[in-house]
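Heads up: the structure comes next, in structure tokens.
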Amino acid sequence: MGAGYPESLSMVRGFAQAVAANREYLTQLDAEIGDADHGINMDRGMSAVVPKVEALTDHDISGLFRTVAMTLISTVGGASGPLYGTVFLQLASSLKGRSEVGLGEWAEAVSAAVAAVQSRGKAQPGDKTMVDALLPAAEALQAAQAEGVPFSEGLARATKAAHGGMEATIPLVARRGRASYLGERSAGHQDPGATSSWLLMEAAEAAFAKGK
Ligand code: ADP
Ligand code: MG
């Protein structure tokens, strides 16, 4: 009961497709409070990831996420490269040795990934960053696990929580990343990284919910 390697690979492909489809949208959001490159950065990274993961012959979930991490770190110049690299590196280490991922493992892995991002980027909740989408998603997964709901239901709640967290960045004043240079003027705009993090949770939901 859970997601195996095929579903994990499908999650990575799905995230790459979502980033490509939303490249202009993410870039436009970054144009409002940053330097207009978030969609370009993420698409460059995930476009490099796809051929790398398709070529993997050792079908190991941890190794898959490690490859995603290393490729993002080496191909994305912006803040989002090392930060998403941290997300996938932590997913890889949390899921080491596992051939299947269920709600409990995914809740632990996503929680550890958010903690790693916070440790690396020093963003607190409410600082108007990707943490504001990832943390509610991690909390929703933990709550779903505690309640014993089906994996698919936990995944759906995580996507919803990430979406709510993303929308909640709109009125916030940025305290980390380039948007923080704008101070109060960053309020009234949705954070680009929180938006791509919602896409990541959506990709996980779409791919993992099939692996039951
Ligand atoms: P850059 O800011 O270098 O141009 P991107 O535009 O690709 O990089 O990514 C910007 C996004 O990165 C922001 O919208 C924010 O969500 C995220 N971000 C920036 N700095 C941090 C940080 N210190 N912690 C968490 N997320 C951050
Ligand atoms: Mg940028």
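Counting starts at 1 for both ligands and their atoms, in listed order. Quick caveat: nothing in here was measured; it's all calculated off a predicted structure.
- For the residues V117, L83, D191, L26, the heavy atom positioned nearest atom 18 (N) of ligand 1 is part of L83.
- Closest approach of I61 to E100, counting heavy atoms only: CD1-N, 4.1 Å.
- Less than 4.0 angstrom separates some heavy atom of A123 from each of these atoms of ligand 1: 24 (N), 25 (C).
- The aromatic rings of Y5 and H59 sit parallel to each other, their planes meeting at less than 30°, with 60° as the upper class boundary.
- With waters left out, the protein N, O or S atoms under 2.8 Å from the Mg ion (ligand 2) add up to 3.
- The protein atom (non-hydrogen) at minimum distance from atom 5 (P) of ligand 1 is H38 ND1, 3.4 Å.
- Within ligand 1, counting atoms from 1 as listed, the ones closer than 4.0 Å to a heavy atom of G78 are 3 (O), 8 (O).
- With ligand atoms numbered from 1 in the order given, ligand 1 contributes 6 (O) to contacts under 4.0 Å with heavy atoms of D30.
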**Study point:** Derivation of the side-chain hydrogen bond (donor to acceptor under 3.5 Å, both in side chains) call for S93 and Q90
**Key:** CA-CA 5 Å; S93 78; Q90 186 56 54; 3.2 Å; yes
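- Under a 4.0 Å N-O distance rule, the pair K160/E205 does not qualify as a salt bridge.
- The closest approach between a heavy atom of K122 and any atom of ligand 1 is not below 4.0 Å.
- Considering backbone and side-chain atoms alike, K128 places every N or O at 3.5 Å or more from each N or O of ligand 1.
- Looking only at protein heavy atoms, the nearest one to atom 8 (O) of ligand 1 is A79 N, 3.2 Å.
- Around atom 26 (N) of ligand 1, the closest heavy atom drawn from N41, T169, T129 belongs to T129.
- The number of heavy atoms from other shown groups lying within 6.0 Å of CD (E184) does not exceed 12.
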**Study point:** Intermediate values then yes/no, side-chain contact (heavy atoms from CB on, under 4.5 Å), L29 and H189
**Key:** CA-CA 7 Å; L29 291 173; H189 304 276; over 6 Å; no
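- Below 4.0 Å from some heavy atom of P192 lie the following atoms of ligand 1, by number and element: 14 (O).
- Residue-ligand proximity, D37 to ligand 1, at heavy-atom distances under 4.0 Å covers atoms 4 (O), 5 (P), 6 (O).
- No donor-acceptor distance shorter than 3.5 angstrom exists from the side chain of T169 to the backbone of Q190, with no hydrogens or angles considered.
- For K128 and D191, the salt-bridge test fails: no basic side-chain N is under 4.0 Å from an acidic carboxylate O.
- In terms of protein heavy atoms, atom 7 (O) of ligand 1 is closest to S80 OG, 2.6 Å.
- The line from OH of Y84 to CD1 of I73 is 14.0 Å long, rounded to the nearest 0.5 Å.
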Practice item. Report the C-alpha separation of E105 and S94 in whole Å, then their side-chain angles, then the decisive distance to 0.1 Å, and conclude whether the side-chain hydrogen bond (donor to acceptor under 3.5 Å, both in side chains) test is met. Key: CA-CA 8 Å; E105 292 82 32; S94 295; over 6 Å; no
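- Atom 19 (C) of ligand 1 has as its closest protein heavy atom G177 CA, 3.8 Å.
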Exercise for review: In sequence, state the C-alpha distance, the side-chain angles, and the governing distance for S196 and H38, and then conclude on side-chain hydrogen bond (donor to acceptor under 3.5 Å, both in side chains).
Suggested key: CA-CA 9 Å; S196 53; H38 187 58; 2.8 Å; yes
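- Here the closest heavy-atom approach between residue S8 and residue F208 is recorded as CA-CE2, 3.8 Å.
- Contact of the F65 side chain with the M70 side chain is not registered, since no non-hydrogen atoms from C-beta on lie closer than 4.5 Å.
- Across the listed options G77, G121, A31, G121 owns the non-hydrogen atom lying nearest to atom 22 (C) of ligand 1.
- Counting the atoms of ligand 1 from 1 in the order shown, those under 4.0 Å from a heavy atom of G193 are 13 (C), 14 (O), 16 (O).
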